[in-house]
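Both counts, for ligands and for their atoms, begin at 1 and track the order of listing.
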Amino acid sequence: MNLSINNEAAHYSPYVGDKRKFATGDVVKIDVGASVDGYLSDNAATVEVGESGQHSDLIDATREALNAAIKKVRPGAQIRSIGQEIGKVITSHGFKPIRNLGGHGLNRYDLHSEIFIPNYDDGNGETFHADMAIAIEPFASTGIGMIHNGPGGHIYILSGTKVRKDEPLYQNFNTVPFAERWVAKIMPDYSDYLHKMMKAKEVSEFAVLREHKGSFISQAEHTLLILSDEVIVTTA
Ligand code: MN
């Protein structure tokens, strides 16, 4: 689970002993995934802490963009047409789509496969085809619409070509991302262990993806299964 706040778009997850608190008016992206035998879903929504409703339009922008994008998905549709739709809806609300973040394909035990689904028309002529699982995730910003890497967000993944099947992290999480909190549950010396594994380049930590301070970002996400005759939203 990611809990990313305000100018953070994604990849922050609370760690054991985390003292961070929510404040009224915070824009919180709740991004969760589920795995059934490695078949994955990815789902996110944005909420504002408290009831001031200052950011309702920002939150509505990505929800609307997601709904509009879902209607365009079918085998043979160009991937750029989804980005075009997302960009159009977000811009019509007066916000910027985040250009260097987007949706992705999902394969078994692979949360981010090679397909990239942009939040704007990036000119990519690739098309969807039947029997594909994808996640569509519009991001809207009050800032410039480009994120950069911040500090580590306490989410990790077994990396590269060095994945060992006898590795306890592999046995628990396979090749999907895992939170530091989950590692704490399976081993007492989790902190040293993760550091050692990162040093050996067997584990990578995801950086928090964020915009400049003072900006606010919203996100909405669903996972879709594209079949030859229908599209199923598996997270609805
Ligand atoms: Mn996703």
**Q** Closest N/O/S atom of D42 to the Mn ion (ligand 1), by atom name?
**A**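 Of all N, O or S atoms belonging to D42, OD2 is the one nearest the Mn ion (ligand 1).
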**Q** Taking everything shown except R99 itself, do over 12 heavy atoms lie less than 6.0 Å from its CZ?
**A**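 Counting neighbours around CZ of R99, 12 or fewer heavy atoms of other residues, nucleotides or ligands fall under 6.0 Å, so no.
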**Q** How about D31: does one of its N, O or S atoms come closer than 2.8 Å to the Mn ion (ligand 1)?
**A**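 It does not; every qualifying atom lies at 2.8 Å or beyond.
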**Q** Quick one: does any side-chain atom of S204 pair with a main-chain N or O of S159 as donor and acceptor, under 3.5 Å?
**A**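 Answer holds: no.
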**Q** Could you walk me through whether Q219 and T62 pass the side-chain hydrogen bond (donor to acceptor under 3.5 Å, both in side chains) test, one step at a time?
**A** CA-CA 6 Å; Q219 173 203 18; T62 41; over 6 Å; no
**Q** Kindly confirm whether the Mn ion (ligand 1) is within less than 2.8 Å of some N/O/S atom in H104?
**A**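 A backbone or side-chain N, O or S atom of H104 is under 2.8 Å from the Mn ion (ligand 1).
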**Q** For E180 and Y156: C-alpha separation, side-chain torsions, deciding distance, then whether side-chain hydrogen bond (donor to acceptor under 3.5 Å, both in side chains) applies.
**A** CA-CA 7 Å; E180 198 171 298; Y156 304 82; 2.6 Å; yes
**Q** Taking just the N, O or S atoms of E137, which one is nearest to the Mn ion (ligand 1)?
**A**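 In E137, the heteroatom (N, O or S) nearest the Mn ion (ligand 1) is OE2.
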**Q** Consider ring-ring contact (aromatic ring centres under 6.0 Å, His included). Of F173, Y190, Y170, which one does F178 pass it with?
**A**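 Option passing the ring-ring contact (aromatic ring centres under 6.0 Å, His included) with F178: F173.
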**Q** Could you check which N/O/S atom of E221 is closest to the Mn ion (ligand 1)?
**A**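 Of all N, O or S atoms in E221, the Mn ion (ligand 1) lies closest to OE2.
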